[in-house]
There are 2 protein chains.
Amino acid sequence: MAGTTRRRTVGQVSGESIVIEAAWMYYHDGLNQSKIAKLLKVSRATVVNYLQEARERGYIRISLAPEVFTNHQLAQELRDKFGLQAAFVLPTGINTEEESLMRVARGAAEWLPSLLTRGDKLGVAWGRTVYEVAEAIEQTATKDVTVSQLVGSMATPYGFTAEICSAHMAQNLGAKCINLHAPAVLSDPDLAARLRAEPIIHAQLEALSHCNKAIFAAGSCAPDSHIVSSGVASNEDLDWYVNQGATGVLCGRFINAEGHPIVGKLDDRMIGVELDKLQGLDMGLLVSDGADKVIPMISAIAGGYVTHVVTSNETARLMLKAAT
Amino acid sequence: MAGTTRRRTVGQVSGESIVIEAAWMYYHDGLNQSKIAKLLKVSRATVVNYLQEARERGYIRISLAPEVFTNHQLAQELRDKFGLQAAFVLPTGINTEEESLMRVARGAAEWLPSLLTRGDKLGVAWGRTVYEVAEAIEQTATKDVTVSQLVGSMATPYGFTAEICSAHMAQNLGAKCINLHAPAVLSDPDLAARLRAEPIIHAQLEALSHCNKAIFAAGSCAPDSHIVSSGVASNEDLDWYVNQGATGVLCGRFINAEGHPIVGKLDDRMIGVELDKLQGLDMGLLVSDGADKVIPMISAIAGGYVTHVVTSNETARLMLKAAT
DNA sequence: CACACTTTTTGACAATTGTCAGCATATAGT
DNA sequence: ACTATATGCTGACAATTGTCAAAAAGTGTG
């Protein structure tokens with residue numbers, strides 16, 4: 001061999017730098033692999049290896065500028081029609097419901113870090129959507145941010161718990177995490193009251209009641225909804241609440257079309273954030289998608305819990321239509 | 001033709017969405033152009049057009065994760081050695097001085113938006129480095145951020161003025177801008193005092209004295225330095241300050257090795273931020289590079305103006321060596 | 001209906017990237 | 001000195017992307 005190549009020795013500081021160097025030249029300077037190989041005095045295959053390593057280590061961030069989605073015409077219509085601070089609308093023209101949901105979650109994951117500032121206390125609900133957001137967030141180093149779990153534990157149809165959801169959200173955001181070590185609903189109101197009074201649970205409820213920002217999804221009142229499948233409400237419970245005018249579910253609580261909580265038998269057996277604590281926040285981020293979520297989303301917005309919305313163009317269109 | 005293709009009509013909402021859709025599929029879903037073409041029912045050439053349009057409109061954000069540079073070993077050594085909140089070190093192994101500076105400026109441009117939060121008042125110095133940072137920042141929508149020009153006007157060897165520098169910085173950050181409509185240095189101390197007392201200049205000086213964050217570079221005391229070429233100091237002035245122990249220049253003011261301002265004949269003829277206003281800020285971002293900047297950078301840090309540093313690995317190494 | 005303009009498509013080809021097996025070299029451990 | 005492991009290189013080829021001219025199709029106007 002020509003002897004022009006030099007191996008990186010183990011522990012050499014510049015070892016990692018050459019990967020960064022290659023990535024910079026490729027992604028920032030727009031040089032092709034052959035040029036980079038010549039400049040770095042290595043083979044093109046080695047450059048391919050370096051670039052691959054940079055990608056694998058998560059060095060490369062490729063995203064669509066948030067403005068693309070917040071300046072979207074439908075986003076602006078949503079913001080204006082519903083009095084929101086901002087909306088983030090993703091085009092999902094040809095996707096299945098599942099693909100659309102994943103894209104909406106991904107979009108929320110990209111947007112959320114930029115909505116957080118130093119010292120924020122972020123309440124995190126629990127459900128399939130919020131979980132997908134938590135998983136999709138790329139590692140971010142937020143400063144002095146605390147994540148609080150807004151709802152207690154439930155039987156989970158998804159393979160992940162509320163605790164894991166909040167913990168992943170906190171971890172990916174580089175934030176502290178305060179969990180809620182209690183079931184979401186108990187069999188007896190008295191037992192629930194005593195559990196709430198337990199110092200550790202009481203402290204956790206205090207923490208979540210002081211959050212200044214929150215992320216949640218809107219649940220529907222359909223029999224196949226999450227609130228039934230997770231065991232929080234039985235079909236009888238559901239029927240009762242619907243008869244009382246329930247149009248949606250927010251953090252495990254039923255709300256009517258105006259967003260007012262409907263207080264029933266379930267509520268004093270529940271351990272979790274009270275909905276009045278989610279009104280008037282600096283940020284209430286509603287992440288939901290699907291035709292069946294339109295009414296619940298509009299209900300949540302009407303209740304004053306929502307300042308920011310992430311959804312698909314299709315659902316945005318349906319929301320705008322429903323609000324005329 | 002098969003008649004399967006559909007043109008977008010002018011003004012159709014989904015017109016822009018198909019560009020976003022194509023970009024999402026390519027960059028997020030990792031689909032190739034042929035697959036995207038098939039899914040969107042257009043030709044591959046049209047997909048190429050859409051992707052190009054997305055790039056041209058600035059929809060695509062490709063960057064290296066900031067942690068790559070802040071977790072760099074040299075970055076951590078700088079932070080620890082100099083008591084900084086964070087350092088951002090860019091590998092610039094094979095670059096010219098010019099290329100290295102451009103890369104450092106680019107790195108600072110990528111980092112700065114994430115260092116800003118709602119309500120910040122950012123003081124902006126002026127010089128080649130800061131200008132390149134301002135130009136390199138991609139359009140960002142910061143919230144309620146105000147940019148203040150820290151130094152007055154000077155003869156410019158670069159083709160841009162301090163006003164333009166601050167205005168571009170503000171524009172690219174989506175911030176408000178408060179300029180400083182005065183020369184940096186006047187011929188007579190009395191004239192300078194009267195100008196400072198002018199209501200509009202006084203208000204501008206008030207604004208810049210209340211900034212909680214600042215971005216600046218460190219100037220050297222070499223005869224070819226910016227402070228001489230811009231007409232702020234003559235060679236005689238320079239000699240005097242160097243004899244008084246000046247080791248660097250910060251926002252047009254001379255400082256010694258401990259970072260203390262050296263007060264001389266120039267200072268009461270100057271219009272600009274007083275250095276004591278730059279101590280103890282929430283963020284003092286020092287962006288500099290080059291062997292000749294090592295001593296000035298260390299001086300600025302010693303003076304308590306700096307909380308964050310952006311530099312190259314080579315300069316970082318020299319700084320660490322100089323501080324032993 | 002004709003025309004002008006815009007957008008998309010076709011098809012070919014060059015350029016670049018991705019992948020892979022096999023070989024070469026460097027390093028570390030025994 | 002030998003062996004094992006890790007890293008880099010070679011060279012070939014497949015896959016993908018970029019570019020381009022010419023043609024086709026869609027749209028708006030008179």
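Quick note on labels: first sequence line is chain A, next is B, and so on, each numbered from 1.
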* Structure fact -> Between A:Ile215 and A:Leu122, the two heavy atoms sitting closest are N-CD1, 4.2 Å
* Tell me which nucleotide among C:dT9, D:dT10, D:dG8 gets nearest to the side chain of A:Tyr50. => D:dG8
* List the steps and the verdict of side chain to side chain contact (heavy atoms under 4.5 Å, CB included) for A:Val294 and A:Ile298. => CA-CA 6 Å; A:Val294 168; A:Ile298 293 177; 3.9 Å; yes
* **Sequence-distant partners of A:Asp144, salt bridge (Lys or Arg N to Asp or Glu O under 4.0 Å), two or more places apart** => A:Lys176
* With B:Arg106 via salt bridge (Lys or Arg N to Asp or Glu O under 4.0 Å) - residues at least two apart -> B:Glu110
So which protein nitrogen or oxygen atoms get under 3.5 Å of nucleotides 16-18 of chain C's nitrogens or oxygens?
| unit_1 | atom_1 | unit_2 | atom_2 | d |
| --- | --- | --- | --- | --- |
| C:dT16 | OP1 | A:Asn32 | ND2 | 2.9 |
| C:dT17 | OP1 | A:Tyr26 | OH | 3.3 |
| C:dT17 | OP2 | A:Gln33 | N | 2.7 |
| C:dG18 | OP2 | A:Gln33 | NE2 | 2.7 |
| C:dG18 | N7 | A:Arg44 | NH1 | 3.4 |
| C:dG18 | N7 | A:Arg44 | NH2 | 3.4 |
| C:dG18 | O6 | A:Arg44 | NH2 | 2.6 |

* Look at the side-chain N and O atoms of B:Thr46 and state whether any lies under 4.0 Å from the OP1 or OP2 oxygen of C:dT8. => no
* Just wondering, do B:Glu132 and B:Val287 contact through their side chains at under 4.5 Å, heavy atoms? -> no
* Can you tell me the distance, in whole Å, between the NZ atom of A:Lys41 and the C1' atom of D:dG8? => 17 Å
